[in-house]
Each structure stands twice: as structure tokens, then as C-alpha cells.
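See below for the structure under consideration.
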Amino acid sequence: MIQSRLFILLLLLIGTVLNAQVTNKGYPYSWDMKTSEKKRMTPEIMETFDLSKLRKEDEVNDKNKSGALRFGYELEVNLGLTNAGVWDELPSGKGRIWRLNIVSKGAQSLNFIFDSYDLPKGATIYIYNEDRSDLLGAYTDVFNNSDGMLGTWMVEGDRIWIEYFEPKEFIGKGSLNIATVVHGYRSFTNDLKTAKDLENSQSCNFDVKCSLGNDIESFKNRLKHAVVRIVQGGHYCTGTLINNTKNDASLYVLTANHCNNADESTWVFRFNWISSTTSCGTEVSSEDIVNKQTTSRAVLLASNTESDFKLIELDGGVDDAWELEWAGWDRGVINPDFTFGIHHPKGDIMKACRSKTKPLIPQKFLVGDIPDPIDLWIVQQWELGVTEKGSSGSALFDPNGRIIGVLSGGAADCNGLIYNGGSDYYGRFDTSWDYGGNSNSRLSDWLDPIHSGRETLDMISLEKPLGIPPIPKQKVDIYYKLSDNTLNITNDSNKTFRYLIYSVLGQKLNMGTLSPRATKAVSLNTLVNGVYFVNITNTGDGSSFTKKIMILK
């Protein structure tokens, strides 16, 4: 009985579905190899560019919130498995590794966009800097997609290594090519000694942990787990996970339509970058945390220029351990006593702001560089905190913690420690709800899929007080039964799926088909103790997820 309970505990701890890019898991094979076992290579040196010109442009553009914050210069390249880097055979005989060294002199960070990304089972990609102080990965086949596109998070430094491991069973089966190298001249990393994004926003901003008033503290403390930093190539915005009337934890993120600096399939997302201190981060510095709760890829669901909204769905998944929240909304034409926002100004650690008790002003006009007039709520004055460039796309919440708008621009700013008195402009949620008459231009089809007619919806933790439902995983459940050493796979949908069980080295051990509304028991008696993976693939659209299990007989 004790052994059984121990196994169940282990399964709960490690059995997270691996469809989220959780960093700092494992490390590259080359780190265990001797220098003599690795081929020498010539680094790929990136071309130089006029940094002073970019900074002058930023001095102007940073004052205009109606665009994404630029932190990096995008360099077009063509670097892949066949024309760059070197291959090394692993001494263990497990497979081989491909290593590529990219140097962009003076960069605070580097991140990458792949235009060809197709990894076999068991393959991994790690990205790390020269002194190995910043490690990203492992990226796996979880992010394989029909378009082959993928964006990565940032790694600190100007000399970065990309390392691809290919299991011996799949030699020559992987495809990998880098199309864009982003030279980050504003750092978005975690090292307090060099990070320019931490404390990069102005001094009148308030850390999200700082109290904005007891009347909204409980809402704010949950909603901060819905807010996400969005990286689009060399640019940056803010978004918010948003609930729908099915309360099913669909991975919908609301942001601004003007946040459009790269294809959504290359976007990268980071949740829960929140100061570890309870100070407000004004006169006392914020404190960093080193978690990197990141995921990659999204698909566009709906957008319009009338209210400057964009709704996307995360395609790379998230981790249940992140304890995320999904914000509620109010689609009525309302005028609350006050409003508040949560966002990442200037790429800084998460901040919050609260408006004064003044009515919102509905108006329609041109905002910044956005070419079409926007149907707006005007926040006349902030009482605590402000927004800045990089806050674009963040939500405006009413006193009940419901979204009523999305940041499009404005003149609010800091004057030292003091707010400058400017107004901010938010695209109206009530306009976004039903504008345009089709699912591509409005929110209603996505946020009320059951046609409930509800005018308000609370955050998911209030709608589901007994617990947020598991994040949808294609409606397939996987359960390892210790008593008879079987893996029970249940398909609770009308779709057909394939299952594949494989080892950590990518060796195929068992496979088959799951019919709709069926359960299959797969015997694992022949497997030795260790870690294994179960991949489930929808035969219709090719979408998939992978789960890790551990066998301890």
C-alpha cells in the first residue's frame, strides 16, 4: 500500500502534460562531452546595424503606446542542419547532436524564429549562452506544426549556442532552419546584474503586489495570473487569458489588434513574471524571480480595427502547475466607479494601475499611428500607477474584475515619481463583442460558444469555485494502473486518435488507434522501470499532446 501511494504521488508530481515550454528542464548532451569529442566550428557572425539610429527612433516611438514596444533588431538569416553548424556523434551511441554558435556583438539577448521546425520523437533543442548561465529548453516535438514556424524566448548574451539532439532511431528525420535572429539591444532576461527590463519602466509605476485598495485586492491577486508578456519577433505587448461561458479553460488570450509585428505562430508568451517583494517598486526596487513559465505559438481567432482587439488561442499549451486564471468580462455599456489594469510597461516586471473616481468617456477617434478611428473608453486620470509602451493590449477591468476594454494608446506617463495627468484609451469590449457580424471580427462566437446570452461572466475561479477544470487536452485521459501494470487511455470525444508509447530515447514501444467514445487498456508488463512518454494525435487535424509517465514496479 505504501509503494502504491508513493507511485501515485510520483505520477502526480511528474505526470504533467508536456505541451508547454517549461524552461530549465535537463541540459544539453554536449555539456557531458570532452572537448576532444566535439568538432571545432566557426561561429556565425551576424551583420552589424546602426544602433544609434534605432535608439533615436525609440525615443520617439516609446512615447506612442499605439504600437508594440521594440526591444530587438531582426536579422534575416538562413541557417539550418545542412548549411551551418557541426554534427557530433555521441560517445554513448544514443544518437548525434548538431551545434550552432551564433554571435551578434553587443547584444543583451538573442532570440530566434524558425521557419522549419519538425522534430522526431525524443529529439530536443537547447539554447544557451557562452558561460552557460542562461539555459532555455528543452524544445521538443510538442511544437511541431504544419506550418513549421516557431519562435523562442530570449537567452542573455551576444554569443549563443543552439544544440539539437537526434536519437539514433531517427537519424536524418528532423528538419530545422533559422530564418530570423533577433538582436536584443534591450534585455528581457532574468540576471539582475545586467537586465535592463527590470526597473525599465518609470518610477510612478506600482508593482502588481502593491495594494491598490481593499475593494479590489482579491480580484487583482487572482487576475495577475491571467496576464502574459507577448514577444513578437523583436517587439513586445501584453495580453490576458479570458474566460468563456463554457468555463472550460480554453487558452484564449485577448490583446490589441495593433500588436501585429509578427505572425502569431511565432509569438512567445511568459506568465507570472511578478516581483517577489511586497514593495511597490517605486522608491524601492522590485525583486526579480527566475521562473520562466513560457510557451510558444498561437493561432488568430478574431480581430478588428473598430475596437482594436485581437483574440488568439495558445497553440503550445500551458502547465497546470502555473496556477493560471482566466479573466471574466462585461459586454454591457457601463460606467463603473473606477477601473484598474495589470500589464508589463516597457517590458518591466508586472505592474498595476487604478483610475480615479471619474466616469469613462466613450469616444471614437484616431489613436497614434493606428490608421483607423477606434471606438474607445477614455480613462481620464490614474490615481495609482500608469501605463507605458509595452502595456499595449492589456485589459481594463471594472471593480468586479471583469474586462471592459483593451489598451490602444494614450498620453498617460510619469513625471519622475509623479503621474503626468494624461489620459489613456481602451478599445471598448462591448464593441468588440458583436462587431462585423462574423466570427472573424467579433468576440461573441468564441466567448459565448453555448449562446447563453450572458452579459457578464466572472473569472473562472469564481465561476468554478470547486476548482478550475483541467486545461483541455483533446478530451483524452491517460491513467496508469499500478495493480495490473496497464495504461488506460479513454477517448471521451467523437474524434479518432492515434496513441504512441515511446522511451526517453525515442524508441517506439506500442502504438494503436483510439476510436470515438472508447477506452483501451495497454499492458506495460514488458517495460522495465523508468520514464516513458505517451503521445496522442488527432487523426483529423494532426494536433497532439504528450504525457510523461514513470513505471516503478
Side-chain angles (χ1 to χ4, degrees), residues 8-9 11-22 142 218-219 221-228 239-254 269 271-272 293 295 297-299 301 311-331 395 397 400-403 443-454 456-480 488-495 497 514 516-519 534 536-538 541 543-549:
I8 293 171
L9 176 60
L11 187 60
L12 288 172
L13 289 174
I14 70 167
T16 304
V17 173
L18 299 182
N19 65 342
Q21 180 55 41
V22 185
V142 164
S218 61
F219 294 132
N221 285 337
R222 280 306 310 161
L223 289 169
K224 65 188 180 187
H225 299 294
V227 176
V228 60
T240 310
L241 274 172
I242 189 167
N243 197 15
N244 72 83
T245 54
K246 292 174 70 174
N247 291 302
D248 62 357
S250 291
L251 296 176
Y252 296 159
V253 171
L254 185 67
F269 306 85
F271 289 94
N272 289 325
Q293 297 178 353
T295 185
R297 292 189 54 85
V299 293
L301 301 179
L311 184 70
I312 58 176
E313 183 174 16
L314 301 185
D315 199 27
V318 298
D319 195 319
D320 290 326
W322 297 352
E323 298 183 348
L324 299 177
E325 182 63 83
W326 282 253
W329 39 263
D330 189 331
R331 64 182 178 91
F397 300 101
N400 296 305
R402 299 170 184 151
I403 295 176
L443 291 172
S444 57
D445 301 71
W446 306 100
L447 302 188
D448 189 15
I450 61 176
H451 307 292
S452 69
R454 291 183 64 167
T456 64
L457 185 73
D458 286 322
M459 67 183 80
I460 199 169
S461 62
L462 295 180
E463 293 280 335
K464 308 287 286 188
L466 299 181
I468 296 173
I471 298 163
K473 310 286 192 307
Q474 299 285 11
K475 298 184 179 179
V476 176
D477 293 323
I478 299 173
Y479 175 70
Y480 177 74
N488 294 296
I489 310 174
T490 300
N491 178 9
D492 186 23
S493 75
N494 59 357
K495 309 292 184 182
F497 293 85
L514 289 168
R517 309 295 176 185
T519 297
V534 184
I536 305 295
T537 300
N538 186 320
D541 60 16
S543 59
S544 67
F545 70 92
T546 303
K547 187 166 186 176
K548 178 167 65 175
I549 61 172

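Computed from a prediction, not measured in an experiment: that's the story for all the values here. In what follows, every heavy atom counts, from backbone to side chain, and hydrogens, waters and symmetry copies are set aside.
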Partner set under side chain to side chain donor-acceptor pair (under 3.5 Å) for R402, not counting sequence neighbours: D458
Sidechain-backbone polar pair: W329 side chain, N243 backbone, donor-acceptor under 3.5 Å: yes
4.5 Å side-chain heavy-atom contact, L443 and I242: no
For the student: nearest non-hydrogen atoms of P469 and K464, plus distance: CD-CG, 4.1 Å
N221: side chain to side chain contact (heavy atoms under 4.5 Å, CB included) partners, not counting sequence neighbours: E217, K224
Any F269 side-chain heavy atom under 4.5 Å of V318 side chain: no
Whether F271 and W322 hold their rings parallel, tilted or perpendicular, with breakpoints at 30° and 60°: tilted
For the student: nearest non-hydrogen atoms of E323 and R222, plus distance: O-NH2, 3.5 Å
Spatial distance of atom OG1 (T456) from atom CZ (R331) [nearest 0.5 Å]: 9.0 Å
Considering all heavy atoms, the nearest G317-T295 contact: O-OG1, 2.6 Å
Heavy-atom pair of closest approach, residues I460 and A249: CD1-N, 3.7 Å
L254/W446 under side chain to side chain contact (heavy atoms under 4.5 Å, CB included): CA gap, chis, key distance, verdict: CA-CA 11 Å; L254 185 67; W446 306 100; over 6 Å; no
For E463, side chain to side chain donor-acceptor pair (under 3.5 Å) partners two or more places apart: R454
Point-to-point distance, once rounded to the nearest 0.5 Å, from CG of N247 to CD1 of I450: 8.0 Å
Which residues share a side chain to side chain contact (heavy atoms under 4.5 Å, CB included) with A327, sequence neighbours left out: L223, T240, F397, I403
Side chain to side chain donor-acceptor pair (under 3.5 Å) partners for T245, two or more places apart: D448
Polar side chain donor-acceptor pair, S461 to E325, under 3.5 angstrom: yes
pair I489-I536: side-chain heavy atoms closer than 4.5 Å: yes
Residues forming a salt bridge (charged side-chain N to carboxylate O under 4.0 Å, His left out) with D445, sequence neighbours excluded: R442
Test item: L324 and N272 side chains (from C-beta on) under 4.5 Å apart, heavy atoms: yes
